[in-house]
Amino acid sequence: MSRQLEFDIFRYNPQDKGSVPHMQTFVLDETENMTLFIALNRLREEQDPGLIFDFCCRAGICGACAMVVNGKPRLACQTKTVDLPERITLLPLPVYKLIGDLSVDTGIWFREMYQSTESWIHTNKTFDPNALEERMENEVAEQIYELERCIECGCCVAACGTARLRDDFLGAASLNRVARFVVDPRDQRTDRDYFEIIGNDEGIFGCMGLLGCEDVCPKNLPLQNQLGFLRRKMGITAIKEIFRK
């Protein structure tokens, strides 16, 4: 016999002057293999067409449907209701700008992140469109690919204790992005150059090591390994700077 699920959903539309933040309860019959993505679409189609949430690929690739599910940032399309209790609380991701209900604007945050981390290959070489691509060792290419699997869903930042305390913290997604360029042999930046970007409390030394980012990453990225790698590298760079003076 299928369960009756109760959804306590955060409701607030900042663009509506008459809207106030509140929780609204919906009841829905659970169906086989139901995900939160399916449940939310049914609620919008059958009960409240004004319910605001984001989705795109429904395959755990776009990251658009990230939200806080019973206190934990998750992707709605990857979360099956059978793995949850009968009462489910849904909230928008913290840290990011709220668009409405469960929808947040992660684009602003990630655009600023790309600018602050200078997220592009820094090289003095002149690009030749007719030349062959630069070759690299397979092991290095696989390292870069592993770090490029981030779908920018924002879950890691939403689960970060430091990011919740201070809005200038780069967060795991940004630091993972920096690590991607550190291992890329085409990027000519030095450790000192990277230190200028992340060698501070807003960067790698602001991380409290609570493991929240890796716990909620839907792609199971080894974020703590990368944070540890960068912390050691930047720590050594800081020591060298002291002795250089």
Side-chain angles (χ1 to χ4, degrees), residues 3-31 33-113 150-161 163-165 167 169 171-173 212-221:
R3 299 185 300 171
Q4 268 202 336
L5 302 176
E6 288 189 12
F7 292 88
D8 292 325
I9 300 178
F10 177 82
R11 306 301 304 274
Y12 176 54
N13 185 354
Q15 299 181 38
D16 181 358
K17 294 182 179 180
S19 178
V20 294
H22 66 283
M23 301 297 292
Q24 184 174 356
T25 301
F26 298 88
V27 178
L28 189 68
D29 290 331
E30 187 176 33
T31 57
N33 294 321
M34 177 184 277
T35 62
L36 288 180
F37 170 87
I38 295 173
L40 285 168
N41 274 281
R42 280 190 57 192
L43 289 175
R44 185 154 65 182
E45 292 170 1
E46 301 171 9
Q47 300 187 35
D48 188 344
L51 181 61
I52 305 172
F53 63 93
D54 295 322
F55 68 91
C56 185
C57 73
R58 74 177 295 177
I61 297 174
C62 71
C65 64
M67 60 188 64
V68 178
V69 182
N70 287 353
K72 183 178 181 180
R74 306 175 73 162
L75 296 184
C77 68
Q78 284 190 340
T79 306
K80 291 189 174 183
T81 57
V82 69
D83 298 324
L84 300 172
E86 293 183 358
R87 194 173 186 89
I88 302 169
T89 301
L90 302 179
L91 300 168
L93 293 181
V95 179
Y96 306 101
K97 179 183 177 181
L98 179 69
I99 295 176
D101 297 344
L102 302 175
S103 173
V104 298
D105 188 345
T106 57
I108 294 175
W109 191 93
F110 277 97
R111 182 171 64 250
E112 292 176 350
M113 177 271 281
C150 173
I151 60 174
E152 300 183 356
C153 62
C155 285
C156 62
V157 177
C160 175
R164 297 287 295 273
L165 293 173
D167 57 12
F169 182 59
C213 55
E214 187 165 315
D215 287 344
V216 302
C217 179
K219 307 307 288 185
N220 298 314
L221 290 172

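We use all heavy atoms of the structure for the numbers below, so side chains are in, but hydrogens, waters and symmetry mates are not.
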Shortest non-hydrogen contact between [X] and [Y], atoms and distance:
| X | Y | result |
| --- | --- | --- |
| Ala159 | Val216 | CB-CG2, 3.7 Å |
| Gly60 | Leu75 | CA-CD1, 3.9 Å |
| Asp29 | Met34 | O-CE, 3.5 Å |
| Pro218 | Cys155 | CD-CB, 4.5 Å |
| Pro92 | Val104 | CB-CG1, 3.8 Å |
| Ala66 | Cys153 | CB-O, 3.6 Å |

Point to revise | Atom CD of Gln15 with >12 non-hydrogen neighbours under 6.0 angstrom | key: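 Counting other residues, nucleotides and ligands, CD of Gln15 stays at 12 neighbours or fewer.
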
**Study point:** Within 6.0 Å of CZ in Arg164, more than 12 heavy atoms from elsewhere
**Key:**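 Incorrect, the count does not exceed 12.
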
Review point. Does the side-chain contact (heavy atoms from CB on, under 4.5 Å) test come out yes or no for Leu5 and Leu84, once each step is laid out?
Key: CA-CA 10 Å; Leu5 302 176; Leu84 300 172; over 6 Å; no

Exercise for review: Report the relative orientation of the aromatic rings in Phe110 and Tyr96; use parallel for angles under 30°, tilted for 30 to 60°, perpendicular for over 60°.
Suggested key: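 The rings of Phe110 and Tyr96 lie parallel, inter-plane angle below 30°.
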
With side chains defined as the heavy atoms from C-beta onward, is the minimum distance between [X] and [Y] less than 4.5 Å?
| X | Y | result |
| --- | --- | --- |
| Val69 | Leu90 | yes |
| Asp48 | Arg11 | yes |
| Phe10 | Val68 | no |
| Val157 | Thr106 | no |
| Lys219 | Cys217 | yes |

Nearest 0.5 Å, what's the [atom1]-[atom2] distance between [X] and [Y]?
| X | Y | atom1 | atom2 | answer |
| --- | --- | --- | --- | --- |
| Arg44 | Phe26 | CZ | CZ | 11.5 Å |
| Asn70 | Asp83 | CG | CG | 11.5 Å |
| Asn13 | Leu51 | CG | CG | 11.5 Å |
| Leu98 | Ser103 | CG | OG | 7.5 Å |
| Thr89 | Asp8 | OG1 | CG | 4.5 Å |
| Thr81 | Phe7 | OG1 | CZ | 6.5 Å |

Main-chain N/O of [Y] paired with [X] side-chain donor or acceptor, under 3.5 Å:
| X | Y | answer |
| --- | --- | --- |
| Asp101 | Tyr12 | yes |
| Gln47 | Val27 | yes |
| Asp54 | Cys65 | no |

Practice item. If a pair satisfies salt bridge (Lys or Arg N to Asp or Glu O under 4.0 Å) and one of its residues is in residues 57-82, list it, with sequence neighbours excluded. Key: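 Not a single pair qualifies under salt bridge (Lys or Arg N to Asp or Glu O under 4.0 Å).
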
Exercise for review: Check the pair Gln4 / Glu6 against side-chain contact (heavy atoms from CB on, under 4.5 Å), numbers first and verdict last.
Suggested key: CA-CA 7 Å; Gln4 268 202 336; Glu6 288 189 12; over 6 Å; no

